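Input: a single structure, listed below in structure tokens.
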Amino acid sequence: MATTYREEPCRTALNRVKGMPFGWSLNPYMGCVHRCTFCYVRSFEQRAQRPSDDRYGTSIRVKLNIADVLRRELARRSWKGELVAIGAATDPYQPAEGRYRLTRACLTALGDARNPLSLITRGPMIVRDIDILAQAAQHADVSVNFSIPTLDPDVWRTTEPGTAPPRQRLKALRALRDAGIPAGVGIAPILPGLSDRPEQLAEVVRAARDAGATHVWAKLLYLQPGTREHFLEHLARDWPDELPLYEEWYRHGSYLPRSRTDPVTRTVSEMARQEGIGRSRPRPPGGSVPSSPVARVRGDSPAERSPAEQLPLVL
Ligand code: SF4
């Protein structure tokens with residue numbers, strides 16, 4: 001399916017986020033051509049009455065003026081220099097960034113303002129912006145998170161049809177660490193029965209250590225309406241034997257019970273500790289585990305902002 005790019009200016013750059021470890025999010029693009037089968041943004045697209053099926057990721061909004069708007073917002077007297085999380089609702093280093101360079105421009109603006117930032121991506125293109133990130137890290141807290149759910153080639157290829165191989169993300173992580181930029185790995189989402197075996201998790205944790213990760217955190221798959229239908233449809237095609245198990249595991253709702261998630265996150269935490277990785281507790285970018293899976297947002301025009309932009313969680 002061909003991808004269309006809609007060059008649409010924005011009126012606001014920073015989105016207010018409540019109930020999360022960070023107060024503000026920033027997304028230069030809306031929609032994501034990576035089209036991961038588990039992408040949680042699909043559920044928000046469905047709520048906004050936009051396609052959450054295979055058409056998701058085929059129409060990308062490009063906020064051409066976002067860096068200029070961001071600079072104005074950062075210059076306001078009312079701006080208190082709070083942490084800004086980049087990439088909560090779309091990958092800031094999806095292919096369009098090679099042409100538009102909006103993420104780079106936003107990082108430059110945040111760096112010039114000496115504003116703390118966190119960023120999450122699956123895109124090795126981030127190495128292009130090492131100069132900006134290293135400079136920003138000299139004056140403010142900077143944290144980069146590479147989303148690497150698994151190193152299993154079959155699971156990666158099947159569930160992330162548009163992303164770069166996980167080993168490329170690890171190479172990018174190494175490059176950032178060599179430049180002194182704090183960067184780690186989010187093992188998310190872990191897919192029960194497909195990527196949660198201890199040896200699979202250990203492989204990611206060891207690779208993160210070898211790449212110099214400053215932290216590792218983990219989160220299991222959750223399936224909200226919109227994501228659920230799409231993921232299960234693809235599961236039925238790709239791993240039909242798993243379908244009854246998922247239907248059973250997720251029969252009570254979008255989240256697995258803690259009796260199933262806690263042992264996995266504890267295992268990752270212990271593995272990271274044993275590997276000597278600094279910050280080993282499961283935690284998403286910006287701080288502690290969120291108190292709520294969905295942030296409430298207020299501030300700018302809801303008509304302009306996609307519900308997906310209200311998402312504070314990890315890619
Ligand atoms: S999970 Fe992240 S990288 Fe994958 S499609 Fe969604 S926003 Fe893009």
Side-chain angles (χ1 to χ4, degrees), residues 1 3 27 29-45 51-60 87-98 103 119-127 144-173 183-197 200-201 203-205 207-208 211 216-224 226-239 242-243 246 264 268 284-285 308 311 313-315:
M1 224 177 284
T3 303
N27 293 287
Y29 307 93
M30 288 311 303
C32 182
V33 298
H34 291 158
R35 292 179 293 111
C36 305
T37 60
F38 48 68
C39 181
Y40 59 81
V41 179
R42 294 178 190 277
S43 67
F44 287 79
E45 292 298 281
S52 58
D53 53 16
D54 279 331
R55 290 169 293 172
Y56 170 70
T58 58
S59 177
I60 309 296
T90 182
D91 198 318
Y93 286 101
Q94 59 180 297
E97 173 62 13
T103 299
L119 184 149
I120 184 159
T121 185
R122 295 171 198 259
M125 193 195 304
I126 192 173
V127 298
V144 173
N145 294 269
F146 287 91
S147 187
I148 304 178
T150 186
L151 293 176
D152 183 307
D154 289 336
V155 176
W156 159 65
R157 219 178 278 117
T158 308
T159 58
E160 300 182 36
T163 63
R167 298 263 178 210
Q168 285 188 23
R169 298 172 222 172
L170 288 163
K171 280 188 189 162
L173 169 60
V185 169
I187 309 178
I190 295 169
L191 308 179
L194 294 174
S195 61
D196 65 345
R197 292 197 304 278
Q200 291 174 302
L201 300 173
E203 188 182 24
V204 182
V205 174
V216 167
W217 49 268
K219 188 170 180 63
L220 278 96
L221 176 73
Y222 63 96
L223 292 173
Q224 291 181 317
T227 303
R228 185 187 186 97
E229 298 85 328
H230 184 80
F231 180 82
L232 293 182
E233 185 186 319
H234 280 253
L235 188 75
R237 183 195 67 190
D238 302 323
W239 290 284
E242 297 290 327
L243 183 61
Y246 271 71
V264 178
V268 171
L311 270 172
L313 293 183
V314 296
L315 292 171

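Please read all numbers here as calculations on a predicted model, not as lab measurements.
At a cut-off of 3.5 Å, with distance as the only test, a side-chain donor of R122 or S147 sits close to an acceptor on the other residue. For the residue pair D91 / T121, a side-chain donor-acceptor distance below 3.5 Å is found, with atom types taken as modelled. Inspection of the T158 and W239 side chains reveals no N or O donor paired with an N or O acceptor under 3.5 Å.
Interatomic distance, CG of L119 versus OG1 of T103, reported as 7.0 Å (0.5 Å rounding). Within the model, atoms CG of D238 and OG1 of T37 stand 7.5 Å from one another, a figure rounded to the nearest 0.5 Å.
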For W156 and S195, what are the C-alpha separation, side-chain angles and deciding distance, and is it a side chain to side chain donor-acceptor pair (under 3.5 Å)?
-> CA-CA 10 Å; W156 159 65; S195 61; over 6 Å; no
Apply side-chain contact (heavy atoms from CB on, under 4.5 Å) to the pair R228 and Q224, showing each step before the final yes or no.
-> CA-CA 6 Å; R228 185 187 186 97; Q224 291 181 317; over 6 Å; no
Working for side-chain contact (heavy atoms from CB on, under 4.5 Å), residues T159 and C36 = CA-CA 6 Å; T159 58; C36 305; over 6 Å; no
Step-by-step side-chain contact (heavy atoms from CB on, under 4.5 Å) determination, T90 to V41 | CA-CA 8 Å; T90 182; V41 179; over 6 Å; no
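Between T227 and C39, the closest heavy-atom pair is OG1-O, 3.0 Å. Across all their heavy atoms, I187 and P149 have their closest contact at CG2-O, 3.4 Å. Across all their heavy atoms, A188 and W217 have their closest contact at CB-CZ3, 3.8 Å. Minimum interatomic distance between L194 and Q200 (heavy atoms only, all atoms of both residues): O-NE2, 2.8 Å. Residues L243 and L232 share a closest heavy-atom pair of CD1-O, 3.9 Å. Nearest heavy-atom pair, F146 versus A183, reported as atom, atom and distance to 0.1 Å: CE1-CB, 4.4 Å.
Here E233 pairs with nothing under the salt bridge (charged side-chain N to carboxylate O under 4.0 Å, His left out) rule; sequence neighbours left out. With sequence neighbours excluded, the residues forming a side chain to side chain contact (heavy atoms under 4.5 Å, CB included) with P153 are R157, listed by chain and number. Contacts of Q168 classified as side chain to side chain contact (heavy atoms under 4.5 Å, CB included), with partners at least two apart in sequence or in another chain: P124, A164, P165. Scanning for salt bridge (charged side-chain N to carboxylate O under 4.0 Å, His left out) contacts around D196 gives R260, with sequence neighbours left out. Legend: residues meeting ring-ring contact (aromatic ring centres under 6.0 Å, His included) with F231, ordered by chain and number and at least two apart, are Y246. Judged as a salt bridge (charged side-chain N to carboxylate O under 4.0 Å, His left out), and not counting sequence neighbours, the contacts of R169 are E160.
No side-chain heavy atom of L191 sits less than 4.5 Å from a side-chain heavy atom of L220. Using a 4.5 Å cut-off on side-chain heavy atoms (C-beta onward), P92 and Y29 make no contact. Counting heavy atoms from C-beta outward, L223 and Y40 have side chains that stay 4.5 Å or more apart. Within the 4.5 Å cutoff, the side chain of V204 has heavy atoms near those of the V185 side chain. Using a 4.5 Å heavy-atom cutoff, the side chains of V268 and V205 are in contact. Side chains of T150 and L201 form no contact here, defined as non-hydrogen atoms less than 4.5 Å apart. Counting heavy atoms from C-beta outward, M30 and I60 have side chains that stay 4.5 Å or more apart. You'll find the side chain of R167 reaches within 4.5 Å of the side chain of L151, heavy atoms only.
E97 contributes no side-chain N or O that, together with a main-chain N or O of M125, makes up a donor-acceptor pair within less than 3.5 Å. A distance-only check finds a donor-acceptor pair linking the side chain of R42 to the backbone of S52 [under 3.5 Å]. Side-chain N or O atoms of S43 include none that pairs as donor or acceptor with a backbone N or O of G226 at under 3.5 Å.
Residues E45 and R35 are not paired through a salt bridge, judged by the lack of any N-O separation under 4.0 Å between the basic side chain and the carboxylate.
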